[in-house]
Amino acid sequence: MVEKSPHNKIKNSYLCPKFSNIIHLQFEILHRDSYSSARAGLLTTDHGLIESPFFMPVGTAGAVKAMHIRELSDDIHAQIMLSNTYHLYLRPGVDIISKAGGLHKFNGWSKPILTDSGGYQIYSLGDIRKFTDDGVIFQSHIDGSKHLFTPEKAIDVQRELGADIIMAFDECTPYPCDEAYARKSMKRTHYWLSRCVSHFGKTECQHGYTQSLFPIVQGSVYPELRVESARFIASQGASGNAIGGLSVGEPAGMMYEMTGLVCGILPEDKPRYLMGVGTPANILESIALGIDMFDCVIPTRNGRNGMLFTRSGIINIKNEKWKDDFSPLERDGDVFADLQYTKAFLRHMFISKEILGAMIATTHNLGFYIWLMKEARKQISEGTFSAWKGRMVKQLMQRL
RNA sequence: GUGGUCGUAGCUCAGUUGGUUAGAGCGAUAGAUUGUGGAUCUAUAGGUCGUGGGUUCAAGCCCCAUCUUCCACC
């Protein structure tokens, strides 16, 4: 039994010409920073409100690895999680999740979900994929079986999964990449986007609530391509826009340059999502450029490998120097694991390859990232963001 | 006691008819990791080749003694 969404009744929801008959998620900007393009706002979905800017923990296969949804929700206060179309499509299969009543019902997470379309995964498959005019033929990394993914297919699958925000099917342009290929790749992403938008308009969510489709800017590291792509994406009138193809190996300065350029073109009154970014410093710098949404595997994947992000800097908990450090992971932390466990104990867990080590580090890191976003929102609302950011970037990235 | 066998890095082991500075895997110590492989990759440290003699231009390798491991037989 799917609950009737209260947000279907929102009065000032508006219809966009290209997204006719779709009720959008709302975005309201509450505060703006005077010294940068940072802003703090509120996003409304059928599964609840999200304060921005925010970070989305990555739950590839429908779960954030090494975490219960209770911790994700009640301990670290995640507002939304990200999941992956490609992985869920291959396993357990869309039919199973649809039969469960959608991804929210399947994994028990009742807050908002965003699904990535699978474009990035197919990009990272490397040799076992082939582009055609229609889409991409790729081989499953699980059993080698062949699959054809098209823009229409990506939309259909995401309709069945039922995430609140779904992503257009794009090609994540590799780096480095010459301008000719970057242009061809961008054009392909634009062509696919048109098909995604068209198909999105003809279909609806299978599980009784609304979904929003975000298009993705490409263009590699070429300013003129980024500008062209951002204009095309902006012209679609979507309720939120994403920037892809960054943080794929290019220097950080280039990433900021492209992000700033694109943010200046994408609509000011819609949320902007910088895909796959990044380190705490990357995120703070990008907030200053006007980004509202982030996702990244760093806090979870690197956490599982022993890298801890703390308010005073970065720790490799496997280093010998922590073996007899009985101080808590984060003295001023507000996550259970921060005060409950010492550095020496966590090191012991990692050295012993205990599963608990991955659990503690994941909880801690995500707690830290989400605290960082909350603090950023507070600093923006109080008008102190830029000075605070300057101090934090240095402090957070130093090695302890 | 007799005969055979084993001994090389923290661990498990390679090491050619004697020939450059004795290697590997694991472990250890560090580093990488950006729309997820609990994955992977990279680097570094670590050896009186059981011990003591001998042969030889040259010995982990051949010879002698001795200690040690395991096996068989009295």
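The sequence lines fix the lettering, A, B, ..., with proteins before strands; numbering per chain opens at 1. Keep in mind it's a predicted model, so treat the numbers as computed, not measured. All heavy atoms count here, side chains included; hydrogens, waters and symmetry mates do not.
- The base of B:G35 lies close enough to the side chain of A:D170 for a donor and an acceptor atom to sit less than 3.5 Å apart.
- The interatomic distance linking A:Y89 (OH) with B:G35 (C1') rounds to 19 Å, in whole Å.
- Here B:U29 presents its C1' atom at 16 Å from CD1 of A:I317, a figure rounded to the nearest Å.
- Within 4.0 Å of A:R91, counting heavy atoms only, lies no atom of the nucleic acid at all.
- Shown here is A:E179, whose CD atom has more than 12 heavy atoms of other residues, nucleotides or ligands within 6.0 Å.
- Across all strands, A:A66 comes closer than 4.0 Å to base atoms (heavy-atom distances).
- Within 4.0 Å (heavy atoms only), A:D116 reaches at least one base atom of the nucleic acid.
- Under a hydrophobic clustering in which Ile, Leu, Val, Met, Phe, Trp and Tyr are joined whenever their side-chain heavy atoms come within less than 4.5 Å, directly or via other members, A:I314 and A:L372 fall into the same cluster.
- Base orientation for B:G53: anti, the chi torsion being more than 90° from 0.
- Across all strands shown, nothing is found opposite B:G37 as a Watson-Crick or G-U wobble partner with both distances under 3.5 Å.
- Geometric assessment of A:R39 against the ring of A:F385 yields a negative cation-pi assignment under the 6.0 Å and 45° thresholds.
- Residue A:N319 is classed as a sugar-phosphate contact, given heavy-atom separations below 4.0 Å to backbone atoms only.
- B:U56: no Watson-Crick or G-U partner with both key distances under 3.5 Å is found in any strand.
- To the nearest angstrom, P of B:A32 lies 6 Å from CE of A:M307.
- A:S110 and A:H47 share no side-chain donor-acceptor pair at under 3.5 Å.
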